[in-house]
Amino acid sequence: MGLIRREWPLITVLGLVLVGLIVVVDGHFRRGCIVIAFALFLALFLRILLPATGAGLLAVRSKRVDIAVLTVLATATTVLSLWVPPPNN
């Protein structure tokens with residue numbers, strides 16, 4: 001139980017990524033990618049708000065580097081998921 005309390009930010013983010021992947025597998029690529037982008041933005045905000053001891057494994061490098069990397073990943077995922085044209089059915 002201590003591990004779950006200590007790593008709740010990472011478990012929450014990974015849970016949302018898993019939900020996004022399930023949505024993608026279900027055939028909704030854009031929606032699933034938006035859920036994954038939301039998970040990355042959540043990781044970004046958790047890394048900004050929580051101290052290094054409270055962020056758990058979200059705190060991999062220095063806070064500045066983590067924030068920069070998560071900002072680029074979350075923004076790129078959002079832009080690319082909205083850029084991909086919907087399928088022609």
Side-chain angles (χ1 to χ4, degrees):
M1 198 63 165
L3 178 68
I4 292 175
R5 279 193 206 143
R6 212 173 41 241
E7 298 301 334
W8 71 267
L10 182 64
I11 292 169
T12 304
V13 170
L14 289 178
L16 278 172
V17 169
L18 180 63
V19 168
L21 290 174
I22 290 170
V23 172
V24 168
V25 168
D26 192 40
H28 303 285
F29 178 78
R30 184 174 285 175
R31 290 179 192 163
C33 287
I34 293 295
V35 172
I36 293 170
F38 176 76
L40 289 169
F41 276 115
L42 178 63
L44 170 66
F45 291 124
L46 288 173
R47 184 63 180 110
I48 291 170
L49 297 175
L50 296 174
T53 56
L57 289 175
L58 284 180
V60 177
R61 295 156 297 271
S62 71
K63 196 167 196 166
R64 285 183 182 175
V65 172
D66 285 342
I67 290 171
V69 169
L70 286 170
T71 301
V72 169
L73 287 174
T75 305
T77 304
T78 302
V79 168
L80 292 174
S81 65
L82 294 174
W83 193 347
V84 173
N88 295 326
N89 290 334

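On a predicted model such as this, the values are computed, not experimentally measured, just so you know.
Cluster membership check: Trp8 shares its hydrophobic cluster with Leu57, using side-chain heavy-atom separations under 4.5 Å among Ile, Leu, Val, Met, Phe, Trp and Tyr. By the rule that hydrophobic residues join a cluster once side-chain heavy atoms approach within less than 4.5 Å of another member, Leu21 and Val23 end up as members of separate clusters. Taking hydrophobic clusters as Ile, Leu, Val, Met, Phe, Trp and Tyr residues chained together by side-chain heavy-atom distances below 4.5 Å, Leu50 shares a cluster with Phe38.
Annotation for Gly32 and Val24: closest pair CA-CG2, 3.6 Å, computed over non-hydrogen atoms. Nearest heavy atoms, Asp66 versus Ala59: OD2-CA, 3.5 Å. When all heavy atoms are compared, the tightest approach of Gly54 to Pro9 is O-CG, 3.6 Å.
The main-chain N or O of Ala52 is never found under 3.5 Å from a side-chain atom of Lys63 such that the two would form a donor-acceptor pair.
Arg47 contributes atom CZ, which lies 9.0 Å from atom CZ of Arg61 (distance to the nearest 0.5 angstrom). In this structure, CZ in Arg31 is found 9.5 Å from CG in Asp26, a value given to the nearest 0.5 Å. Separating the OG1 atom in Thr12 from the CG atom in Leu46 is a distance of 7.0 Å, to the nearest 0.5 Å. Taken from CZ in Phe41 to CD1 in Ile36, the straight-line distance is 13.5 Å, to the nearest 0.5 Å. Taken to the nearest 0.5 Å, the CZ atom of Phe29 stands 10.0 Å off from the CD1 atom of Ile34.
The side-chain heavy atoms of Ile48 and Ile67, taken from C-beta on, include a pair separated by under 4.5 Å. Between Cys33 and Leu80, every side-chain heavy-atom pair lies at or beyond the 4.5 Å cut-off.
A side-chain contact (heavy atoms from CB on, under 4.5 Å) with Leu14 is found for exactly one of Ile11, Leu10, Leu16, namely Leu10.
Sorted by first and then second residue, the salt bridge (Lys or Arg N to Asp or Glu O under 4.0 Å) pairs with a member in residues 5-24 form an empty list; sequence neighbours excluded.
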Using a 3.5 Å cut-off and no angle test, enumerate the donor-acceptor pairs between side-chain atoms of residues 72-79 and protein atoms at least two apart in sequence or in another chain.
unit_1 : atom_1 : unit_2 : atom_2 : d
Thr75  : OG1    : Thr71  : O      : 2.8
Thr77  : OG1    : Leu73  : O      : 2.7
Thr78  : OG1    : Ala74  : O      : 2.9

